[in-house]
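Index from 1, following the sequence. The basis for the numbers below is simple: all heavy atoms, side chains too, and nothing from hydrogens, waters or symmetry mates.
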Amino acid sequence: MRRRRPHPGNAHESRGTAVSDRPSDCHTDITVALEKIMSRPASRDLSRSLTLYAAGHAALLAGAWTMHVTGSMLPMALAASACLMLTVPLVRHFVARAAARRGV
């Protein structure tokens, strides 16, 4: 059976360290990723996005009540539109986090 030669771009070879000299890559990578995620000030952005999302659903409930009281579909249509628009920041937040995790 033929042995595989290491790839020239291997990170361990470029630093001159052997794999056995380092802690497990799996645990190191997870720790680095968790530190990166927890150090980001994303909680403020998430809080704002969730507040807007909740406001959209409050508008939806108000539109449903107004539709019930007046018998018109217009308040519900406007509230549903506002709810959809106020959901966009939350979706963008999660898309940005996923893109940051992928390294894009």
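Summarising the geometry of Ala59 relative to Ala79, their closest heavy-atom pair is O-CB, 3.1 Å, with the distance given to 0.1 Å. Contact between Pro89 and Ser49 at its shortest, heavy atoms only, is O-OG, 3.5 Å.
Among residues two or more places apart in sequence or in another chain, the side chain to side chain contact (heavy atoms under 4.5 Å, CB included) test is passed with Ser72 by Thr70, Leu74, Pro75. Partners of Val91 by side chain to side chain contact (heavy atoms under 4.5 Å, CB included), not counting sequence neighbours, listed by chain and number: Thr87, Val95. Leu50 meets the side chain to side chain contact (heavy atoms under 4.5 Å, CB included) test with Leu46, Leu90; sequence neighbours excluded. In terms of the side chain to side chain contact (heavy atoms under 4.5 Å, CB included) criterion, Leu61 has no residue partners (sequence neighbours excluded).
Summarising the hydrophobic clusters (Ile, Leu, Val, Met, Phe, Trp, Tyr; side-chain heavy atoms under 4.5 Å, direct or chained), the residues clustered with Met76 are Leu60, Met67, Met73. Residue Leu84 belongs to no hydrophobic cluster, having no ILVMFWY side-chain heavy atom closer than 4.5 Å to its own.
Judged as a ring pair (Phe, Tyr, Trp, His ring centres under 6.0 Å), the pairs with a partner in residues 55-84 (not counting sequence neighbours) are, in order, Tyr53-His57.
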